[in-house]
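Structure first, commentary second.
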There are 2 protein chains.
Amino acid sequence: MPRVEKEEIIRALRSKGLRVTPQRFAVYANLLARRDHPTAEQILKQLNQEVPTLSQATVYLTLQTLSEVGLIREVLLEQGVCRYDANMAPHHHFVCTSCGQIIDIPWDCLGPINLSSLPSGFQVERYEVTLYGKCNQCGDREERSQT
Amino acid sequence: MPRVEKEEIIRALRSKGLRVTPQRFAVYANLLARRDHPTAEQILKQLNQEVPTLSQATVYLTLQTLSEVGLIREVLLEQGVCRYDANMAPHHHFVCTSCGQIIDIPWDCLGPINLSSLPSGFQVERYEVTLYGKCNQCGDREERSQT
DNA sequence: CTTTGTGCAAACGATTTGCAGGATG
DNA sequence: CATCCTGCAAATCGTTTGCACAAAG
């Protein structure tokens with residue numbers, strides 16, 4: 001769990017012109033501490049154990065706000081739910097087709113993509129790769145059952 | 001508009017064990033003829049001009065069915081809506097950050113991705129790249145306004 | 001004829017909104 | 001103390017479901 005300094009979180013929020021409220025702090029800190037790309041509901045559920053009164057609307061609104069100012073990003077990989085990620089470093093995603101788990105893949109694990117034969121007229125600002133397959137655990141499980 | 005033979009559509013549906021109904025035919029044919037990754041609602045709206053009585057539920061259900069049997073695929077690139085694509089050839093997507101347009105990028109326009117330095121334990125079955133930037137029209141527009 | 005598909009309307013789940021009171025800078 | 005944020009509940013939006021009837025093979 002990458003512990004992030006309180007001060008750093010406060011600085012980040014202030015730097016975007018956002019007021020530091022206990023709710024906003026809690027949501028952002030929670031997301032920074034997780035690597036599982038939670039949904040708004042999952043964040044709410046987990047936080048309600050620590051900060052008993054955190055309203056649903058606030059979580060949704062806060063995530064939207066943080067996303068707008070660029071402190072977090074949306075991860076859209078399944079129909080119907082929006083997941084969030086506080087890892088703003090460019091990176092790719094691996095989606096396990098068995099368990100649905102989403103794993104961050106550091107940018108340098110995939111070589112740079114050659115865009116030179118892209119039809120002209122496209123100005124690419126950024127890109128990301130989504131890999132689909134079996135994760136460590138699901139791959140192992142499959143092998144064992146085939147034996 | 002890539003015209004697809006009626007017979008071919010019927011054959012495709014039958015090959016998946018699906019009955020050929022006017023509604024199913026219309027939805028699939030419509031999606032095959034479009035390159036704009038429409039939402040269920042957009043398909044419904046367009047078809048209701050030709051086939052006046054096509055219910056909302058049928059469109060949603062049909063898209064779900066076609067997606068399950070592998071004749072079409074879901075495209076999840078914005079929060080809250082599911083778009084569909086009848087182009088089943090592997091390909092990438094370009095998303096215009098100005099107009100939101102989604103454009104298919106043929107597989108061969110991007111060189112193969114080097115997966116060799118991926119941490120072990122990942123069995124990649126397939127992948128796709130999402131490019132973000134300015135499309136032809138939006139890029140031009142921007143240049144002109146800067147002059 | 002058996003089974004699968006359709007239409008309708010109600011149900012649903014995730015997310016958003018309006019508004020009044022509360023906290024931040 | 002002006003502004004921004006929160007909580008609550010109701011509203012909204014995309015999608016799904018139950019059920020009775022209709023159509024496909």
Side-chain angles (χ1 to χ4, degrees), chain A residues 6-7 9-31 37-48 50-69 71-72 74-84, chain B residues 6-7 9-30 37-48 50-69 71-72 74-84 100:
Chain A
K6 271 189 185 178
E7 291 310 322
I9 296 182
I10 293 176
R11 215 175 306 129
L13 291 172
R14 291 243 169 88
S15 77
K16 299 294 183 179
L18 299 178
R19 288 189 179 171
V20 180
T21 67
Q23 295 88 338
R24 200 168 267 171
F25 183 94
V27 169
Y28 186 35
N30 184 264
L31 197 54
H37 310 82
T39 63
E41 207 196 347
Q42 291 173 329
I43 293 174
L44 175 66
K45 198 169 290 177
Q46 195 170 86
L47 284 180
N48 268 342
E50 310 165 15
V51 189
T53 25
L54 176 59
S55 87
Q56 188 201 40
T58 299
V59 173
Y60 278 97
L61 190 59
T62 300
L63 289 169
Q64 194 180 277
T65 306
L66 292 175
S67 176
E68 274 162 14
V69 302
L71 286 177
I72 67 174
E74 301 179 338
V75 177
L76 304 171
L77 289 171
E78 355 159 29
Q79 133 96 281
V81 265
C82 185
R83 298 183 168 277
Y84 293 92
Chain B
K6 269 189 185 178
E7 292 309 322
I9 295 181
I10 293 176
R11 215 176 305 130
L13 292 171
R14 290 244 169 87
S15 78
K16 299 294 183 179
L18 298 177
R19 288 189 180 172
V20 179
T21 67
Q23 294 87 339
R24 202 168 267 171
F25 183 94
V27 169
Y28 186 36
N30 183 264
H37 311 81
T39 64
E41 207 196 347
Q42 291 173 330
I43 293 174
L44 175 66
K45 198 169 291 178
Q46 194 169 88
L47 284 180
N48 267 341
E50 310 165 15
V51 188
T53 25
L54 176 59
S55 86
Q56 186 201 42
T58 299
V59 173
Y60 279 97
L61 190 58
T62 300
L63 289 169
Q64 194 181 278
T65 306
L66 293 175
S67 176
E68 273 161 15
V69 302
L71 286 178
I72 67 174
E74 302 179 338
V75 177
L76 304 170
L77 289 171
E78 357 158 26
Q79 134 97 281
V81 265
C82 185
R83 297 182 169 279
Y84 292 91

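Below, chains carry the letters A, B, ... as their sequence lines are ordered, and counting in each starts from 1.
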To the nearest Å, how far apart are [X] [atom1] and [N] [atom2]?
X: B:E41; N: D:dT12; atom1: CD; atom2: P; answer: 16 Å
X: B:L76; N: C:dA14; atom1: CG; atom2: P; answer: 16 Å
X: B:L18; N: D:dA24; atom1: CG; atom2: C1'; answer: 12 Å
X: B:F25; N: C:dT4; atom1: CZ; atom2: P; answer: 22 Å
X: B:K45; N: D:dC13; atom1: NZ; atom2: P; answer: 12 Å
X: B:Q64; N: D:dG14; atom1: CD; atom2: P; answer: 17 Å
X: A:L44; N: C:dG13; atom1: CG; atom2: C1'; answer: 14 Å
X: B:Q23; N: D:dA22; atom1: CD; atom2: P; answer: 14 Å

If only side-chain N and O atoms of [X] are considered, is one of them under 4.0 Å from the OP1 or OP2 phosphate oxygen of [N]?
X: B:T21; N: C:dT4; result: no
X: B:R24; N: D:dA24; result: no
X: B:Q56; N: C:dA9; result: no
X: A:R14; N: C:dT24; result: no
X: A:Q79; N: C:dA14; result: no
X: B:T58; N: C:dT6; result: no

With each end axis built from five pairs of C1' atoms, what bend angle do you get for the helix from C:dC1-D:dG25 to C:dG25-D:dC1? Round to 10°. 50°

Listed by chain and number, what are the side chain to side chain contact (heavy atoms under 4.5 Å, CB included) partners of A:E41, not counting sequence neighbours? A:T39, A:K45

Report the distance from atom CG of B:L66 to atom NZ of B:K16, rounding to the nearest 0.5 Å. 10.5 Å

About how many Å separate CZ of A:F25 and CD1 of A:I9, when rounded to the nearest 0.5 Å? 4.0 Å

Return the 5'-most residue of the pair B:R19, B:R83 with respect to DNA chain D, ranking by each residue's nearest nucleotide. B:R83

For A:T53 and for B:V81, find the nucleotide of DNA chain D with the closest heavy atom, then tell me which residue's nucleotide is more 5'. A:T53

Side chain B:T62, main chain B:T58, donor-acceptor under 3.5 Å: yes

Among the nucleotides D:dA2, D:dG14, C:dT15, whichever has the atom closest to the side chain of A:Y60 is C:dT15

Heavy atoms from C-beta onward define the side chain here; which of D:dC8, C:dG5, C:dT15 lies closest to that of A:S55? D:dC8

Check [X] against [Y] and note the closest heavy-atom contact, atom names and distance.
X: A:P38; Y: A:I43; value: CG-CG1, 3.7 Å
X: B:H37; Y: B:R83; value: O-NH1, 2.7 Å
X: B:L76; Y: B:C82; value: CD2-SG, 3.8 Å
X: A:A40; Y: A:V59; value: O-CG1, 3.7 Å

